[in-house]
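Before anything else, here's the structure in question.
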Amino acid sequence: MKGENYMHLEFPSRSTNEAFARSAVASFAAQLDPTLDELGDIKTAVSEAVTNCIVHAYPEELGPIILKARILPEHVLDITVKDRGCGIADVEQARKPMFTTGGEERSGMGITIMESFMTEFRIHSTVNKGTTVHMKRKILPRGGSK
Amino acid sequence: MKLTSFVQDRQLTLMLRGEIDHHSAREIMGAISAKVDEYLPLRCILDFEEVRFMDSSGIAVVLHTLRRMNSLQGKLLLQNIPPQPYKVLRTAGIEKLTIMKEECTQ
Ligand SMILES: Nc1ncnc2c1ncn2[C@@H]1O[C@H](COP(=O)(O)OP(=O)(O)OP(=O)(O)O)[C@@H](O)[C@H]1O
Ligand SMILES: [Mg+2]
């Protein structure tokens, strides 16, 4: 059994970094030997979390996004996405499917997707301080065959 | 995004390509709108075969196209959807709003 492994990244809230962030986590997750479907779920959840920082946390300016991933025992990938942006006044409302403050270009499904694609999902937010999304995904071990 | 399109008997097929996220969505939405406005189709088909990744930004692209087709009293159809975008579209309940033809295997 390998010891704990982790990675930390920080990048500005530029939309080009959405693809970078999800590929970085996918590359990191590769050591757990995930299936294509599991990898798809992880990339989607990371893309949602990072996009929310870019679109909502820093609507008018660029700000830092901190992305961390860790391997926990029992084949669990643990991901944290953090911003120091505007925060969310009512988190319960934000979690509701179809709720959006983003108008026509958004569908209000990002948080719902993170919740349903990951094994665990938590969100913590303070207005004018920022938002942290914490998610875990268990990767089912495969019988050595690829 | 360069959007490949075919038109036949007022049926417009648009081949989406690459990764659909917030970064690319506005351009894709614009490209779809331009084609729909040019051809005013009765049926619009979005083909997902070449879509390698899609997040919720793609849901907004589909809903936007659906509203435009509804306003033309036309139909929207989604086809050849790989598993990853398919799951995202399913989670948003898109299959209740429009026709999602076959899921393609990768
Ligand atoms: N990091 C964040 N900072 C500030 N507000 C946020 C953040 N993440 C989410 N929100 C708020 O929560 C709402 C719901 O987020 P969610 O990701 O579910 O939907 P969306 O981003 O509006 O649309 P979609 O994700 O479908 O494109 C957002 O509209 C926004 O108001
Ligand atoms: Mg979102």
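Treat the numbers as computed from the prediction; the structure is a model and nothing was measured.
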Subject >> Common cluster, B:Val62/B:Leu72, ILVMFWY with side-chain heavy-atom separation under 4.5 Å >> reply: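 Same cluster.
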**OP:** Would you kindly confirm whether B:Phe48 and B:Ile59 end up in one hydrophobic cluster when ILVMFWY residues are joined by side chain heavy atoms under 4.5 Å apart?
**Re:**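 Yes; tracing contacts between hydrophobic side chains, which count when under 4.5 Å, links both residues.
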**OP:** Drop me the distance from B:His64's NE2 to A:Glu104's CD, to the nearest 0.5 angstrom.
**Re:**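 If we round to the nearest 0.5 Å, B:His64:NE2 and A:Glu104:CD are 6.0 Å apart.
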Original post:
Should we count CD of A:Glu10 as having more than 12 external heavy atoms under 6.0 Å?
Top reply: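 Count over threshold, so yes.
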**OP:** Report the C-alpha separation of B:Gln84 and A:Lys43 in whole Å, then their side-chain angles, then the decisive distance to 0.1 Å, and conclude whether the side chain to side chain contact (heavy atoms under 4.5 Å, CB included) test is met.
**Re:** CA-CA 10 Å; B:Gln84 188 277 329; A:Lys43 284 172 77 171; over 6 Å; no
Original post:
Do B:Leu12 and B:Met29 sit in the same hydrophobic cluster, where Ile, Leu, Val, Met, Phe, Trp and Tyr count as joined when their side-chain heavy atoms come under 4.5 Å apart?
Top reply: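 Yes: a chain of side-chain contacts under 4.5 Å links B:Leu12 to B:Met29.
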Original post:
With side chains defined as the heavy atoms from C-beta onward, is the minimum distance between A:Ile113 and B:Asp55 less than 4.5 Å?
Top reply: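 Not in contact.
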Subject >> Joint hydrophobic cluster, B:Leu63 plus B:Leu77, side-chain heavy atoms closer than 4.5 Å >> reply: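 They do not share one cluster, since no chain of ILVMFWY contacts under 4.5 Å joins B:Leu63 to B:Leu77.
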Subject >> Contact origin within B:His22 toward chain A - heavy atom pairs under 4.5 Å >> reply: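 Its backbone and side chain both get close to chain A.
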Original post:
Is the closest side-chain heavy-atom distance between A:Arg22 and B:Asp21 below 4.5 Å?
Top reply: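 Side chain of A:Arg22 against side chain of B:Asp21, heavy atoms only: contact under 4.5 Å found.
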Original post:
Is the number of heavy atoms from other residues, nucleotides or ligands within 6.0 Å of NZ (A:Lys138) greater than 12?
Top reply: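 Atom NZ in A:Lys138 is packed in, count exceeds 12.
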**OP:** Under 4.5 Å heavy-atom distance to chain B, tell me which part of A:Val55 shows up: side chain, backbone, both or neither.
**Re:**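 Looking at A:Val55, just its side chain touches chain B.
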Original post:
Is a side-chain donor or acceptor of A:Glu48 paired with a backbone partner of B:Ser56 at a separation under 3.5 angstrom?
Top reply: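 Judged by distance alone, yes, a pair lies under 3.5 Å.
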Original post:
When rounded to the nearest 0.5 angstrom, what is the spacing between OG1 in B:Thr91 and CE in A:Met114?
Top reply: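 These two atoms lie 12.5 Å from each other.
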Original post:
Near B:Arg26 CZ, under 6.0 Å, is it more than 12 heavy atoms from other residues, nucleotides or ligands?
Top reply: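 It does not: B:Arg26 CZ has 12 such atoms or fewer within range.
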Subject >> Contacting moiety of A:Leu39, where chain B heavy atoms sit under 4.5 Å >> reply: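 Neither part; nothing is under 4.5 Å.
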Original post:
Are A:Asp37 and B:Lys87 ion-paired here, with the side-chain N under 4.0 Å from a carboxylate O?
Top reply: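 No.
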Subject >> Heavy-atom proximity to chain A below 4.5 Å, by part of B:Ala92 >> reply: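 Both parts, backbone and side chain.
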Original post:
If Ile, Leu, Val, Met, Phe, Trp and Tyr residues are connected whenever their side-chain heavy atoms lie under 4.5 Å apart, and connections chain through other members, are A:Met7 and A:Leu32 in the same group?
Top reply: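 Same cluster: A:Met7 reaches A:Leu32 through Ile, Leu, Val, Met, Phe, Trp or Tyr contacts under 4.5 Å.
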Original post:
Quick one: what part of A:Asp41 sits under 4.5 Å from any heavy atom of chain B, side chain, backbone, both or neither?
Top reply: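 Just its side chain gets close to chain B.
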Original post:
Is there a donor-acceptor contact under 3.5 Å from the side chain of B:Glu19 to the main chain of A:Ala19?
Top reply: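 Side chain of B:Glu19 to backbone of A:Ala19, a donor-acceptor pair under 3.5 Å: no, none is there.
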**OP:** Anything in residues 90-100 of chain A with a heavy-atom distance to chain B below 4.5 Å? Please list those residues in order.
**Re:**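 None at all.
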**OP:** Name the region of A:Thr51, side chain, backbone, both or neither, that has any atom closer than 4.5 Å to a heavy atom of chain B.
**Re:**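 Looking at A:Thr51, just its side chain touches chain B.
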Subject >> Closest contact, heavy atoms only, A:Thr44 versus B:Met54 >> reply: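 Closest heavy-atom pair between A:Thr44 and B:Met54: CG2-O, 4.3 Å.
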